[in-house]
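In what follows, a structure is listed as structure tokens, so that the remarks can point back to it.
Residue numbers begin at 1 in each chain, while the letters A, B, ... track the order of the sequences.
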Number of protein chains: 2
Amino acid sequence: MDSKIFNLKAKLELYKAMTNGGNFADCPVRDVIQGISGKWSSLLVMALAEKPYRFGELRRLVPDISQRMLTQTLYDLQRDGYVHREVFPTKPPSVEYSLTDLGRSMFLPLQQLVQWAELNHDAVRDARAAFDAAQG
Amino acid sequence: MDSKIFNLKAKLELYKAMTNGGNFADCPVRDVIQGISGKWSSLLVMALAEKPYRFGELRRLVPDISQRMLTQTLYDLQRDGYVHREVFPTKPPSVEYSLTDLGRSMFLPLQQLVQWAELNHDAVRDARAAFDAAQG
DNA sequence: AGTGCTGGTCTCTTTTTGAGACTACCAATC
DNA sequence: GATTGGTAGTCTCAAAAAGAGACCAGCACT
């Protein structure tokens with residue numbers, strides 16, 4: 001099978017999936033992508049993929065997130081089923097956040113993207129510098 | 001080789017990459033991820049992966065993007081080297097946007113994530129419904 | 001009695017995004 | 001020749017999201 005044709009078909013199928021065949025207002029794929037494409041979502045998923053963390057630990061781990069956004073991002077990730085929240089009756093009570101099975105399965109493709117970013121951030125930085133130098 | 005240990009090592013390495021070994025303020029991986037995790041970036045990259053599009057075509061293709069955000073997202077994608085912008089001297093002049101080699105190489109892992117979203121959006125929808133039903 | 005740790009919420013300000021009017025140019029139409 | 005329509009945007013103002021930091025309750029330790 002011609003790999004070019006195969007790739008084009010794959011692209012078209014994903015394109016249709018992402019545009020929901022023209023019904024943009026109610027596209028589940030875009031909905032899911034937007035849920036994980038927030039500013040802090042991917043970072044927290046990456047952190048929790050390493051091991052479960054407590055609220056205060058995450059706050060110290062990511063010092064430039066505000067407490068408000070940490071609360072809200074964890075809430076959203078929990079709502080979408082990526083993160084499990086468990087309260088332990090210690091004193092004071094501690095709360096542990098961990099990835100669910102769904103979260104772990106999402107981590108795999110996310111990992112691919114982060115690996116790409118790790119390999120290519122020099123190219124992006126160079127492109128940005130060249131663009132800015134050309135008085136973009 | 002024990003695959004669990006291998007996976008843990010891979011996770012730790014990516015975690016380090018994303019946290020830049022503690023230097024959060026200047027982490028190139030987070031910088032790159034944030035550049036492509038905007039609300040419209042991934043959608044436009046997916047569209048341009050299918051074929052080049054002109055400005056007005058993209059606007060009609062994604063009817064719920066504002067002209068202002070389309071302009072700005074394309075500008076940002078161009079600045080980071082994912083998108084090529086070419087003006088044709090027709091009357092009136094037309095502008096074509098296409099993926100660069102860097103953009104096409106980024107499309108590959110992005111595609112994985114979109115495929116995951118396509119396969120799992122039911123699970124996310126169910127999780128969300130269950131969470132909301134439990135008066136989250 | 002004061003201090004510190006837990007996991008948050010509340011309010012205020014700043015930044016980002018969205019909605020829509022407006023521009024300039026030209027071609028074809030009425 | 002005035003009107004309409006298509007090109008790719010910009011500009012302004014309102015709404016939504018995010019950031020900064022004060023504040024809270026409960027308990028342990030000093």
Side-chain angles (χ1 to χ4, degrees), chain A residues 24-27 30-31 33-45 47-48 51-80 83-98 131 135-136, chain B residues 24-27 30-31 33-45 47-48 51-80 83-98 131 135-136:
Chain A
F24 287 82
D26 183 32
C27 173
R30 281 179 66 187
D31 191 41
I33 293 292
Q34 292 208 355
I36 58 186
S37 75
K39 182 169 182 181
W40 303 106
S41 310
S42 57
L43 182 57
L44 291 178
V45 169
L48 294 176
K51 70 184 186 71
Y53 279 105
R54 303 211 337 238
F55 186 88
E57 290 176 323
L58 285 172
R59 192 156 61 92
R60 285 187 290 273
L61 200 60
V62 189
D64 57 344
I65 193 174
S66 67
Q67 217 163 356
R68 186 184 159 284
M69 285 313 293
L70 181 55
T71 300
Q72 183 169 325
T73 305
L74 287 171
Y75 180 91
D76 291 343
L77 290 174
Q78 186 195 356
R79 191 171 100 100
D80 284 4
V83 160
H84 173 68
R85 178 182 187 270
E86 188 161 7
V87 181
F88 292 99
T90 57
K91 289 176 182 177
S94 60
V95 180
E96 186 180 89
Y97 292 92
S98 55
F131 186 83
Q135 277 92 283
Chain B
F24 287 82
D26 183 32
C27 173
R30 282 179 66 187
D31 190 40
I33 292 292
Q34 292 207 356
I36 59 186
S37 76
K39 183 169 181 182
W40 303 106
S41 310
S42 57
L43 182 57
L44 291 178
V45 169
L48 293 176
K51 69 183 186 72
Y53 279 106
R54 304 215 330 243
F55 185 89
E57 290 176 324
L58 286 171
R59 191 156 62 92
R60 284 187 291 274
L61 200 61
V62 188
D64 56 344
I65 193 175
S66 66
Q67 219 162 358
R68 186 184 157 286
M69 285 313 291
L70 181 55
T71 300
Q72 183 168 327
T73 306
L74 287 171
Y75 180 91
D76 292 343
L77 289 175
Q78 186 195 355
R79 190 171 100 100
D80 284 3
V83 160
H84 173 68
R85 179 183 185 269
E86 187 160 9
V87 181
F88 292 98
T90 57
K91 290 175 183 176
S94 60
V95 180
E96 188 181 89
Y97 293 92
S98 56
F131 186 85
Q135 279 91 282

Rounded to whole Å, how long is the line connecting atom [atom1] of [X] with atom [atom2] of [N]?
| X | N | atom1 | atom2 | answer |
| --- | --- | --- | --- | --- |
| A:Gln34 | D:dA16 | CD | P | 16 Å |
| A:Ile65 | C:dG8 | CD1 | C1' | 14 Å |
| A:Arg60 | C:dG8 | CZ | P | 13 Å |
| B:Leu70 | C:dA19 | CG | C1' | 15 Å |
| B:Arg59 | D:dT7 | CZ | P | 8 Å |
| B:Glu57 | D:dG6 | CD | C1' | 13 Å |
| A:Gln72 | D:dG19 | CD | C1' | 12 Å |
| B:Tyr75 | C:dT16 | OH | C1' | 17 Å |

Rounded to the nearest 0.5 Å, how far does [atom2] of [Y] lie from [atom1] of [X]?
| X | Y | atom1 | atom2 | answer |
| --- | --- | --- | --- | --- |
| B:Ser94 | B:Arg54 | OG | CZ | 4.5 Å |
| A:Phe55 | A:Leu70 | CZ | CG | 4.0 Å |
| B:Leu61 | B:Leu44 | CG | CG | 9.0 Å |
| A:Asp76 | A:Met69 | CG | CE | 8.0 Å |

Between [options], which nucleotide has the shortest distance from any of its atoms to the side chain of [X]?
| X | options | answer |
| --- | --- | --- |
| A:Thr71 | C:dT17, C:dG18, C:dG8 | C:dG8 |
| A:Pro92 | C:dC5, C:dC25, C:dG8 | C:dC5 |
| B:Lys91 | D:dG9, C:dG8, C:dC26 | C:dC26 |
| B:Met69 | D:dA18, C:dG8, C:dT17 | C:dT17 |
| A:Ser66 | D:dT7, C:dG7, D:dG19 | D:dG19 |
| B:Gln67 | C:dT17, D:dT10, D:dG19 | D:dT10 |
| A:Arg54 | D:dG9, C:dT6, C:dT17 | C:dT6 |

Is there any protein nitrogen or oxygen under 3.5 Å from a nitrogen or oxygen in nucleotides 11-14 of chain C, and what are the pairs?
none

Does a side-chain N or O from [X] land closer than 4.0 Å to OP1 or OP2 of [N], or not?
| X | N | answer |
| --- | --- | --- |
| B:Trp40 | C:dT16 | no |
| B:Tyr97 | D:dG9 | yes |
| B:Lys39 | C:dG18 | yes |

(request) Name all residues meeting the side-chain contact (heavy atoms from CB on, under 4.5 Å) criterion together with B:Ser41; count only those two or more places apart in sequence or in a different chain, and write none if there are none. (result)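 Result, side-chain contact (heavy atoms from CB on, under 4.5 Å) vs B:Ser41: B:Thr73, B:Leu77.
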
(request) Return the orientation label for the B:Phe131 and A:Tyr75 ring planes: parallel under 30°, perpendicular over 60°, tilted otherwise. (result)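 Judged by the thresholds at 30° and 60°, the geometry between B:Phe131 and A:Tyr75 is perpendicular.
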
(request) Could you tell me whether B:Asp64 and A:Arg30 make a salt bridge, using a distance below 4.0 angstrom between a side-chain N and a carboxylate O? (result)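 Yes, charged N to carboxylate O under 4.0 Å.
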
(request) Would you check, one step at a time, whether the test side-chain contact (heavy atoms from CB on, under 4.5 Å) holds for A:Phe88 with A:Glu96? (result) CA-CA 8 Å; A:Phe88 292 99; A:Glu96 186 180 89; 3.6 Å; yes

